[in-house]
Each structure stands twice: as C-alpha cells, then as structure tokens.
Number of protein chains: 2
Amino acid sequence: MVKVDRRIAKTQEALKKAVIELMTEKNFDDITIQEIADRADVNRGTIYLHYQDKFDLLDRLIESHLNEMGEMDEWACELEWKDALVPYFEYFEKNYLFFSTMLASKGAPSSFRTRLLTSFMEGFKYEIDRDSGRNTNLTDDVMLQYAGTAYVGIIEWWIKNGMPHPPRVMAEQVGTLLGRSL
Amino acid sequence: MVKVDRRIAKTQEALKKAVIELMTEKNFDDITIQEIADRADVNRGTIYLHYQDKFDLLDRLIESHLNEMGEMDEWACELEWKDALVPYFEYFEKNYLFFSTMLASKGAPSSFRTRLLTSFMEGFKYEIDRDSGRNTNLTDDVMLQYAGTAYVGIIEWWIKNGMPHPPRVMAEQVGTLLGRSL
DNA sequence: GCAGATGCGTTCATCAATGAACAGATCCCG
DNA sequence: CGGGATCTGTTCATTGATGAACGCATCTGC
C-alpha cells in the first residue's frame, strides 16, 4: 500500500463527498463540473488532474466502495456468517448517504445495483457449502443469483426504510438466511 | 477584502478546528505541535508557514473570532438592541465548542475572558445614551464595566449550561437589560 | 438565424503543501 | 549523571492546487 500524498487524498475525498451531496439534490446528469468544484471547494481544473469527467468520478467513487468492501471480505472470510456481516452493515450505515443515493437515483447509475450484485456474487462464490452434500441438487449459478439478489434486496429495503434495525441485528438475521442459501 | 488562496483558508481552518478539538481533550500546554498537525491532517512544517508557534495559533484563533464579532457590530449598530443581539447569540451557538472550551479552560488562555470583556466594552462605548439625561449621574467607565461583565457573565452561564434558551429569547432578554444599563 | 450565455476540457506560470532531514532543547528513566 | 526519546523550529527539492485564460461546443431566447 503506497501512501498517497495527503493533498490528493483530501481533494479526492472532497470531490466524492460533493458528488454524493449533489446527487441527493438533483439528477446526476444535471450536475455540472463547476458545481462539483464549488461544493468541494476545489478549483475546477483540479478535477481533471484526477478524473476524466464527472462520469469517471462517479465510477471511481463506486469502485472505491466496492474495493473497500472487498477488503472486508478478506478479514471476514474465516468468521461465522453472522459475525462476518456485522462490519458490512456498519459500513452501509456509515455510508448511508452514498448507498441511499445510489440505490434511489433512477438515472444512468442504476447500473450500481448490478455492480453491487456482481460484487456480492463474486464474494459468495467461495462460501458455498460443497462438502455436506445438502447442495448436491443445486447449481452454483442458481444459489449465487438467489443469495445475491436477496442480499441486495434486503440492503435496499434496510437503507430506504431508514435502517429500522441496528447493524448487529441485521447481520444476525441476514447471516442466518444466507447460511441456509449457500 | 482581498480573497485569500483557498488552500490557505483550508489549512488554517483545519488547524483552528484541530486546536479547539484538542483543547476539549487536554490542557492547552500539553498539546503538541505534532498532535495539532495530525488532527488537522497537515504536515507539521505547514503550521510554521502560518503561525509562529501554538500560542500564536491560539492567539490568532481568538483574534479571528473577535474580529468576526466586530464585523457584526457594523451591521447591527443601527438596529434595536434585541434585534441586534440575535446574530450574536446565533454566533455563540454556532461556535459553541470554541466558546465553551475557551471559557472553561483554566490554563493560560484564561485571558480570553478579559479579551472578550474588553472587546464588548469597546463596542458598547458608542451605545451609551447621552441624550435623554437619565445617565447624567453615571460615568462611562462604570456603565461600561457593569454592562460588559454582565454580558460576558450571561454568555458564560448560557454556554456552560447547555444553552437552555434559544438565541432569540436570549437576545430579547439580554437586549432589554443592556438597554437599561447604557 | 444569430448573439449571448453557459459549460467543457486544456494550458501555464505561480504559489502552497509536502515529507524528509537536520540540529538544538527538554524530558525522563535507569 | 548520562543517554535515549521526544518535541521543536528550520531548510529544501518536489509535487499538487490554483486561478486565469483560451478555444470550442451546446443551449436559449430574441
């Protein structure tokens, strides 16, 4: 992990935060580069030092979240389901604004749901029970699609309904259900 | 008003915020330059581009607040007392952490109370009623000291007690009392 | 249709922030 | 007392951010 210049980290952080905020206020397509720069308190030209355009910025924003969740996979892979899921729901809670915005916005980035699903299914692949024999009549693609859409769906519900249960409770219940499905 | 480079504004803002935060956690004398830099996410050397040392930083932090309140004077000087005080109490409320820290900390910057008092008395000087004749038996220094300490005292009480009344209510009551005293 | 306005992407000289290093001061523990 | 550790204030080459300008494209309304 090469440590990045703190100036770069700060401006990128500010830019990502600005995009999320603006997306709660208007459609992504209606957001202008100048608005992002103003909101982030950054020179307009500075954006182009890091990103191609606003679509690239949004893309990298999504990517960074998926990567961060990917890193949590490695920490969690040796834990029981319900323990492993706690940090995930805490992450969703912490980045509430991002997830609610990305899951709600009806415009171009509806692809987010798909990318999230793909990412989850990729992670589930190594969690399928292949030993006990209880899944011999099930194929991987069906199990992955089933568990993946269920997981995305429950997160979507949880976020959009103002997170009615604390992360720990969600982790326990969803952990139980995912364990039964894989 | 020459516009300052936004990089300068950002780092100074971060440094001031860092100092206030750290002062809520430990005595000012125990705070190290490195801690301030870390908290502000700024290189240690950068501090010396703007300030002599941490005392200068604290000094300029106080100064900037007094100046900002001084600018509010000019906007407010032609209003009635109770209207003029509203933005002040809103300012105290907004910068709650600063005022509570500065008024509470028992160490070296107990001078803050004195500086605040001096600043208020300076502002009151032009508000004394010299026309109606009801103050002919009173001297300026007595009135200023009386109203000044009362004002500082009531702010101190309000802040330390968790701002039990909204700014508008405080402004009305304190406005009435100050009007009677000057 | 065209003129003004707005947004985009890029350029460049200038300035601010970085981080690493340095010597000196002070602290503190053995 | 001595020496390791920590904090300070300063230096400097390097890198990132700035803001102003530019040409170009796309709207918008007269």
Side-chain angles (χ1 to χ4, degrees), chain A residues 1-64 67 101 105 107-109, chain B residues 1-64 67 101 105 107-109:
Chain A
M1 201 55 149
V2 284
K3 61 177 68 178
V4 3
D5 192 304
R6 76 216 304 167
R7 284 172 294 184
I8 295 179
K10 282 184 210 171
T11 62
Q12 292 193 355
E13 212 50 49
L15 286 172
K16 289 174 179 175
K17 181 163 172 280
V19 169
I20 295 174
E21 281 182 25
L22 287 168
M23 283 181 69
T24 68
E25 300 167 15
K26 55 167 70 178
N27 199 305
F28 180 72
D29 294 320
D30 298 335
I31 298 174
T32 173
I33 290 280
Q34 183 68 62
E35 279 177 315
I36 300 173
D38 289 344
R39 183 67 65 107
D41 194 17
V42 150
N43 191 283
R44 186 167 60 89
T46 303
I47 296 180
Y48 297 104
L49 296 178
H50 302 279
Y51 306 101
Q52 294 291 325
D53 46 38
K54 67 174 181 177
F55 300 100
D56 185 38
L57 171 47
L58 178 63
D59 226 56
R60 304 263 284 279
L61 167 59
I62 295 172
E63 206 72 44
S64 66
N67 283 341
T101 304
S105 110
Chain B
M1 203 55 151
V2 283
K3 63 176 69 177
V4 11
D5 192 305
R6 75 214 307 166
R7 285 171 293 183
I8 295 179
K10 282 184 209 172
T11 62
Q12 293 193 354
E13 212 51 50
L15 286 172
K16 289 174 180 175
K17 181 162 172 281
V19 170
I20 295 174
E21 280 182 26
L22 287 168
M23 282 182 69
T24 68
E25 300 168 15
K26 55 167 70 178
N27 199 305
F28 180 72
D29 294 321
D30 298 336
I31 298 174
T32 173
I33 290 279
Q34 184 68 64
E35 279 177 314
I36 300 173
D38 289 344
R39 184 67 66 106
D41 195 16
V42 149
N43 189 282
R44 187 167 60 88
T46 303
I47 296 180
Y48 298 103
L49 297 178
H50 303 280
Y51 307 101
Q52 293 292 325
D53 47 37
K54 66 174 180 176
F55 300 100
D56 185 37
L57 171 47
L58 178 62
D59 226 55
R60 304 264 283 278
L61 167 58
I62 294 173
E63 207 72 47
S64 67
N67 284 340
T101 303
S105 109

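These numbers come from a predicted model, not from an experiment. Proteins come first, then strands; the chains are lettered A, B, ... in the order of their sequence lines, and each starts at number 1.
Separating the NZ atom of B/Lys26 from the P atom of D/dC7 is a distance of 9 Å, rounded to the nearest angstrom. Between A/Gln34 atom CD and C/dT10 atom C1' the separation is 15 Å, expressed in whole Å. Between the CG atom of B/Asp29 and the C1' atom of C/dC27 there is a distance of 16 Å, rounded to whole Å. Between A/Asp38 atom CG and D/dT18 atom P there is a gap of 12 Å when expressed in whole angstrom units. Following rounding to the nearest Å, B/Leu49 (CG) and C/dC15 (C1') show an atom-to-atom distance of 11 Å. Atoms CG (B/Asp56) and P (D/dT8) sit 15 Å apart, rounded to a whole Å. Distance, A/Ile47 CD1 to D/dT18 P: 10 Å, rounded to whole Å. The separation between B/Gln52 atom CD and D/dT8 atom C1' is 13 Å, rounded to whole Å.
Here the side chain of A/Arg6 is nearest to one of C/dT18, C/dA17, D/dT18, namely C/dT18. With D/dG9, D/dG16, C/dG9 as the choices, the nucleotide that has an atom nearest any side-chain atom of A/Asp53 turns out to be C/dG9. Listed nucleotides: C/dT10, D/dT18, C/dT18. Nearest to the side chain of A/Tyr48: C/dT10.
The residue B/Lys54 sits apart from the nucleic acid: no heavy atom pair falls under 4.0 Å. Using a 4.0 Å heavy-atom distance criterion, A/Thr32 is classed as a sugar-phosphate-only contact.
In terms of phosphate contacts, A/His50 brings no side-chain nitrogen or oxygen within less than 4.0 Å of OP1 or OP2 of D/dG16. Here B/Lys10 does not reach the OP1 or OP2 of D/dG16: none of its side-chain N or O atoms lies under 4.0 Å away.
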So B/Asp29 and B/Phe55, side chain to side chain contact (heavy atoms under 4.5 Å, CB included) or not? Walk me through it.
CA-CA 9 Å; B/Asp29 294 321; B/Phe55 300 100; 4.1 Å; yes
Could you go through A/Met23 and A/Leu58, starting from their C-alpha distance and side-chain angles, then the distance that decides it, and tell me whether this counts as side chain to side chain contact (heavy atoms under 4.5 Å, CB included)?
CA-CA 10 Å; A/Met23 283 181 69; A/Leu58 178 63; 3.9 Å; yes
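Contacts between residues 11-18 of chain A and DNA chain C, defined by a heavy-atom separation under 4.0 Å, are absent.
Of the options A/Arg7, A/Arg60, A/His50, a side chain to side chain donor-acceptor pair (under 3.5 Å) to A/Gln12 is made by A/His50 and by none of the others. Checking each of A/Lys26, A/Arg44, A/Glu25, A/Lys54 against A/Glu35 for a side-chain contact (heavy atoms from CB on, under 4.5 Å) leaves exactly one that passes, namely A/Lys26.
The 5' end of DNA chain C is approached more closely, in terms of each residue's nearest nucleotide, by A/Glu35 than by the other of A/Glu35 and B/Asp5.
A salt bridge does not link A/Glu13 with A/Lys17: every distance from a Lys NZ or Arg NE/NH1/NH2 to an Asp or Glu carboxylate oxygen is 4.0 Å or more.
Here B/Asp38 contributes atom CG and B/Ile33 contributes atom CD1; the two are 11.5 Å apart, rounded to the nearest 0.5 Å. To the nearest 0.5 angstrom, B/Ile36 atom CD1 is 7.5 Å from B/Thr32 atom OG1.
Summarising the geometry of B/Phe28 relative to B/Val19, their closest heavy-atom pair is CE1-CG1, 4.3 Å, with the distance given to 0.1 Å. Closest heavy-atom contact between A/Lys10 and B/Asp41: NZ-O, 2.6 Å.
Side-chain N/O atoms of A/Arg7 and base N/O atoms of D/dA17 include no donor-acceptor pair closer than 3.5 Å.
Within a 6.0 Å radius of CD in A/Glu63, other residues, nucleotides and ligands contribute more than 12 heavy atoms.
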All N/O contacts under 3.5 Å from nucleotides 20-23 of chain C to the protein, with atom names and distances to one decimal?
none

